[in-house]
Amino acid sequence: MSKIFDVPLYAYTRSPDQDEGMPVRHPVVIIGAGPVGLATAIDLAQQGIKTVILDDNDRVSFGSRAICFAKRPLEILDRLGCGEAMVERGVQWDTGKVFFDTRQVYEFSLTEEEGHKNPAFINLQQYTFEQVLVERIREMQAVGAPIEIRGRNKVEAIGQHDDHVKLEVETPEGSYTIEADWLVACDGANSPTRRMLGLDFDGQVFEDNFLIADVVMKADFPSERWFWFDPPFNRGQSALLHKQPDNVWRIDLQLGRDIDKEREKRPENVMVRLKAMLGDDAEFDLEWVSIYTFQCCRMERFRHGRTLFAGDSAHQVSPFGARGANSGLQDADNIAWKLKLVLKGKAPETLMDSYNTERAYGADENILNSTRSTEFITPKSEMSRILRDAVLDLSAHHEFAQPLVNSGRLSVPCTYDGSMLNSADALAAPDVTRPGSPCPDAPLGDDHLLGKLGNEFILLTIDADAPDSFEEDGVTATRLALSVRDDPTLTLKRQYLGDAPSGVYLIRPDQHVAARREAFDEPHFRAALRRATGKE
Amino acid sequence: MSDKLILSPNLDNADGFFDALARAHDGLEKSTSDALNARLIFLLANHIGDNKVLDQALKAAQNSGHKR
Ligand SMILES: Cc1cc2nc3c(=O)[nH]c(=O)nc-3n(C[C@H](O)[C@H](O)[C@H](O)COP(=O)(O)OP(=O)(O)OC[C@H]3O[C@@H](n4cnc5c(N)ncnc54)[C@H](O)[C@@H]3O)c2cc1C
């Protein structure tokens, strides 16, 4: 049986644009049909913005790169109409174990938040993840959504202009030129767009090599994340075992610094290492293997005129913590509604600068966490190793040391503290819903709160009065009227009110809180809506 | 509790502690000694807990080394 990553999913077909005498102008062109490009395109097209994706390939990611997808991206995907399909195909897990030598030193459990629709994490192969996104695009196309993927369309040159970007695209039938009001570069960590525009990508490069393998095996290991420091089967190095769907298991083996990559990659040598780990009797097939070194880097700015960078092209992290694709999806979530308002003339172009501010803040958080994890896993000096091992030894005996063990701090959603789109907090309610936060979910009968938020500005009132909607300078906020009684589990109250008797929240189309207050005060919320759309 | 690092004499038994610490390293290989010291640092740091105090301790240690 051929694997999904071996078959073309969006084969090349000739576009009418190629036969026009003049370059055709599109509102948005996206370069790259990876997780981030696909998600951005779905979001835009769902909001009625005509979007074209160009990809130099015609199929999903070769082999599985990302496997762990966190709750916030799943919530974003719910808004994009394909979160449930992901969860259905994924493996859920909530336990992680850390071993040092032969002993288990630490176990953590990802807290399932009561009343949230989505699990803390699922594991799913990146190729399946991308396949589900492409299926969603096909479904949208079937009902006439303005979205198009052009396979084997390789962007070769980019010209930046004040009010558009010009692209030269190479296809199997020769090249053509198109224009975009806005370009979103989702062309991955080696971003040709970045290179063509002469932009830097700075940060820290780690020297250790990692063998990453996906094996197919029938095994009864639980679906937990197992991480080893200095195990007998990989002395002086680390290892990871994690379950994916379809009996596929992810294995990471740290190999150290100076290695012969070609030699290590040979199947016979990989098999020796895997058998040492899994046991001589384990029966398995190698699905995919690769050797990586990791880096944590970012661009200084994610917006350059009419070009926006999103996902790995803008920022790259080491995989410990699963913060790559997970943060890229938050980029998509942040871009789409802003671009829509700007394209429709309802917000100034400078609103796109807030994309840079908010997501650069997120990138810094991810880079900080991923860098610390990588340094713990691959100590860069003798003394860092001594300190690291001291923590591991202590953690086996004393609980206090366990929080110091760092095998990856798993992706959490970013709260845009200090964003220029936030209004000052005017409600004495819990911190989890302060301005800038992504709205936490809550059960509402058969439904969930997040299913009722997003795509538009929402005025959420909890036991408070307000008009059904209000419009400010072309942008409308529509009321969602709730009472704490709508959620007998009191999750809504616990997260959104605390001890406050009532609350009114202005919620952005990406489900982040823009402003909150105890009662509806018209001038205040009008100002908040202006602010949240970059007009103050 | 004060969040200022105590830099005046505060040990119940200064000679006794110095002696116990030195003895703990008697006969150990350098690597075993280094590991012992490292574990001790984390135990003491956890006991202190307060990051402000720990920062001051780190700075005081950095600034009081013998200049060669
Ligand atoms: C071993 C490993 C494990 C990982 N694990 C996780 C994890 O568990 N969780 C997680 O969230 N992340 C993980 N990641 C990170 C994740 O894979 C990336 O963050 C993610 O793929 C980034 O998506 P993207 O869409 O930005 O870029 P990519 O997926 O790299 O897609 C870029 C696309 O652009 C196209 N392209 C490039 N140049 C051109 C051009 N000139 N013209 C047209 N198209 C072009 C490419 O063909 C490609 O389709 C992992 C990564 C690795 C390597």
Side-chain angles (χ1 to χ4, degrees), chain A residues 98-108 227-232 234-238 256-257 364-365 368-369 371-409 412 417 431, chain B:
Chain A
V98 178
F99 304 88
F100 180 38
D101 196 349
T102 54
R103 292 166 303 176
Q104 180 181 325
V105 292
Y106 181 35
E107 174 171 341
F108 63 86
F227 195 99
W228 287 265
F229 290 99
D230 196 17
N234 198 25
R235 269 296 167 223
Q237 311 288 352
S238 67
R257 299 196 172 183
D364 284 343
E365 211 170 81
L368 178 71
N369 279 287
T371 301
R372 285 176 174 172
S373 303
T374 313
E375 286 185 343
F376 193 89
I377 292 165
T378 62
K380 61 174 185 278
S381 69
E382 192 193 341
M383 192 43 73
S384 351
R385 179 175 292 272
I386 290 169
L387 294 170
R388 197 279 302 271
D389 289 349
V391 164
L392 290 169
D393 275 327
L394 286 164
S395 68
H397 297 272
H398 305 289
E399 203 185 332
F400 89 84
Q402 292 176 356
L404 288 160
V405 175
N406 191 345
S407 73
R409 301 280 181 238
V412 288
D417 282 320
D431 257 2
Chain B
M1 224 179 64
S2 162
D3 56 9
K4 208 166 147 37
L5 178 71
I6 300 173
L7 288 167
S8 54
N10 189 43
L11 287 166
D12 284 347
N13 177 356
D15 289 348
F17 177 69
F18 186 92
D19 190 42
L21 185 57
R23 272 173 196 283
H25 289 279
D26 273 353
L28 298 187
E29 298 266 333
K30 169 101 168 68
S31 62
T32 319
S33 265
D34 283 345
L36 175 67
N37 277 343
R39 290 197 298 277
L40 187 62
I41 292 171
F42 284 110
L43 283 157
L44 298 175
N46 183 64
H47 188 85
I48 294 167
D50 189 329
N51 218 50
K52 287 198 214 75
V53 178
L54 293 171
D55 277 348
Q56 293 166 53
L58 195 57
K59 289 217 177 66
Q62 281 169 332
N63 295 335
S64 52
H66 179 65
K67 293 196 194 70
R68 284 172 211 241

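Here is how names work: the chains are called A, B, and so on, in the same order as the sequence lines, proteins then strands, and each is numbered from 1. Hydrogens, waters and symmetry mates play no part in the numbers below; they use all other heavy atoms, side chains included.
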Inset, instruction - Would you sort out whether Val98(A) and Gln104(A) count as a side chain to side chain contact (heavy atoms under 4.5 Å, CB included), showing the intermediate values? - result: CA-CA 6 Å; Val98(A) 178; Gln104(A) 180 181 325; over 6 Å; no
Inset, instruction - For the pair Glu375(A) and Lys380(A), evaluate side chain to side chain contact (heavy atoms under 4.5 Å, CB included) and give the outcome as yes or no after the intermediate values. - result: CA-CA 7 Å; Glu375(A) 286 185 343; Lys380(A) 61 174 185 278; 3.0 Å; yes
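With sequence neighbours left out, Phe229(A) forms a ring-ring contact (aromatic ring centres under 6.0 Å, His included) with Phe227(A), Phe376(A). Residues meeting the salt bridge (charged side-chain N to carboxylate O under 4.0 Å, His left out) test with Lys52(B), sequence neighbours left out: Asp3(B).
Atom CZ of Arg409(A) sits in a crowded spot, with more than 12 heavy atoms from other residues, nucleotides or ligands closer than 6.0 Å. Other residues, nucleotides and ligands contribute at most 12 non-hydrogen atoms within 6.0 Å of the CD1 atom of Ile6(B). Dense packing is recorded around CD of Gln62(B), with more than 12 heavy atoms of other residues, nucleotides or ligands lying under 6.0 Å away.
Under a 3.5 Å cut-off, the side chain of Asn234(A) and the backbone N or O of Gln237(A) do not form any donor-acceptor pair. For the pair Arg235(A) (side chain) and Asp230(A) (backbone), a donor-acceptor distance under 3.5 Å is present.
Near-neighbour residues of residues 20-43 of chain B relative to chain A, defined by a heavy atom under 4.5 Å from a heavy atom of that chain, comprise Asp34(B), Ala35(B), Ala38(B), Arg39(B), Phe42(B), Leu43(B). Among the residues in residues 383-393 of chain A, those with a non-hydrogen atom closer than 4.5 angstrom to a non-hydrogen atom of chain B are Ile386(A), Leu387(A), Ala390(A), Val391(A), Asp393(A).
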